[in-house]
Each structure stands twice: as C-alpha cells, then as structure tokens.
Amino acid sequence: MRGGIVFNSYFWEVKRFPKLNLPPCSLRVSKDPRSGALRIWDKTRSIWLVLTPEEWVRRHVVEYLTNGAGVPEKFISHEYSVTVSGMAQRADIVVTGRDGSPLLLVECKAPGIGIDKSVYAQAVRYNHIVGAKFILLTNGLTHCVLCNDSKGNYLRESALPDLGTYFR
C-alpha cells in the first residue's frame, strides 16, 4: 500500500501511536509470532524491530529522509556508535555525504517526550564526536533543526536544508 501503513490485522493496536508531523509513509507492522509484541520492518537493514513509540518516530524519519529529502538509503546509518567520556552510546541516525563525512545527526524521542534542553545537550554531546553539519531533534510532533557553524556554535534553522543537493 503506497502512502499508508500496511497494518495486517493489527490496525487497532497501531492506532495507539499518534499521527506524526511528518509526511505519510508506508510502514510494515506485524506481531512477533513468539512474543506477540508488535514489530515494525526496517527496510534499510532488513530486520524486524520491536515497535516502541520512539521506533515509530525513527521509522517515519527514515522514510522522510529517503522519500522526501532525497537521501539515498546507503548514506543513512542507524544506531551510530559514539563514545562519550569513555561510555559507549548511540546516535539514532547519522546521514553521511557522498564523501563519507557526517552531514546530519538525528536524535529521535517518543512523541510524549518533549524536545528540551536535555535532548539538545545529548545531541550536542554526540555531535561533538560525530561532527555533522546539521542536527535534527524530533519527537515526530515537534522538530528542531540546528546548524553547526564549525566553531562549535549551533544556530537554529527554520527547516532542514535541501539534503538532496548533497547527493546530486
């Protein structure tokens, strides 16, 4: 189904996830035959993931990046490993440019989690290591785009730039 969600028979269970402030997309949802938990298909990595509110947002963002923003799937890294103060952590999504340099770091939160100073601080800590030009903070309802001016200052932008221009 194009432009919607392939629900199988789990429509009412998936309805508990809110409509997000992102373009509509096609997502595959099913139930794990062993645990009965809802799961969502990650087409980039070809695996089923447990469907949590944060994963709901992450899948929508990846669909937006590939189908709306012109980012080829091969330039999207999921759960990008970052070591901060000796601790292994993971950035939700990192988009690299054709030259392999980080272009966008995305930090996703569940729709019920606000995009506040702690989320900003987390993303900036990660980006201090990653070095992406842009940061997107989102809970699927509220989005905050920041541009790294290469001097360590983050300037708020009104929207993501046309990322497709980095891949033409």
Heavy-atom closest pair, residues C147 and F134: SG-CE2, 3.8 Å
Distance in Å, E157 CD paired with H143 NE2, rounded so as to fall on 0.5 Å steps: 15.5 Å
Evaluation steps, side-chain contact (heavy atoms from CB on, under 4.5 Å), between H78 and T44: CA-CA 9 Å; H78 303 263; T44 309; 3.5 Å; yes
Candidate pair S30 and W41, rule side-chain contact (heavy atoms from CB on, under 4.5 Å), full reasoning: CA-CA 8 Å; S30 74; W41 182 249; over 6 Å; no
L51 vs F17 side-chain heavy atoms within contact, under 4.5 Å: yes
I93-V50 co-clustered via ILVMFWY side chain contacts under 4.5 Å: no
Separation between CG of L27 and NZ of K43, rounded to the nearest 0.5 Å: 9.0 Å
Any P102 side-chain heavy atom under 4.5 Å of V95 side chain: no
Note, Q122 side chain near E107 side chain (heavy atom, < 4.5 Å): yes
Exam field: side chain N139 to backbone I113, donor-acceptor pair closer than 3.5 Å: yes
Pair L65-L104, side-chain contact (heavy atoms from CB on, under 4.5 Å): steps then yes or no: CA-CA 10 Å; L65 290 172; L104 172 68; 3.9 Å; yes
Exam field: side chain D42 to backbone S46, donor-acceptor pair closer than 3.5 Å: no
Qualifying residue, where the test is side chain to side chain contact (heavy atoms under 4.5 Å, CB included) with E63 and the options are P23, C25, P24: C25
Within-4.5 Å side-chain heavy-atom neighbours: R39 and L49: no
Sequence-distant partners of T52, side-chain hydrogen bond (donor to acceptor under 3.5 Å, both in side chains), two or more places apart: none
Contacts of type side-chain hydrogen bond (donor to acceptor under 3.5 Å, both in side chains), residue E55, not counting sequence neighbours: R58, R59
Residues that K133 engages under salt bridge (charged side-chain N to carboxylate O under 4.0 Å, His left out), provided they are two or more places apart: none
W56 (side chain) donor-acceptor with P18 (main chain) under 3.5 angstrom: yes
Expected output: side-chain N127 to main-chain A132 donor-acceptor under 3.5 Å: yes
R90 atom CZ: more than 12 heavy-atom contacts under 6.0 Å: no
Remaining members of hydrophobic cluster (4.5 Å side-chain criterion), V84: Y80, V82, V94, L105, I115, V119, Y120, V124, Y126, I129, V130, I135, L137, L146, Y154
Test item: T138 side-chain N/O and G140 main-chain N/O as donor-acceptor pair under 3.5 Å: yes
Donor-acceptor list for residues 158-168 side chains, cut-off 3.5 Å, not counting sequence neighbours:
| from | atom 1 | to | atom 2 | distance (Å) |
| --- | --- | --- | --- | --- |
| D162 | OD1 | G164 | N | 3.1 |
| T165 | OG1 | D162 | O | 2.8 |

Heavy-atom pair of closest approach, residues C108 and V61: SG-CG2, 4.2 Å
Side-chain donor/acceptor of N21 to backbone N/O of L141, under 3.5 Å: yes
Nearest-0.5 Å distance that lies between atom CG in L136 and atom SG in C144: 8.5 Å
Pairs flagged by salt bridge (charged side-chain N to carboxylate O under 4.0 Å, His left out) wherever residues 116-125 is involved - sequence neighbours left out: none
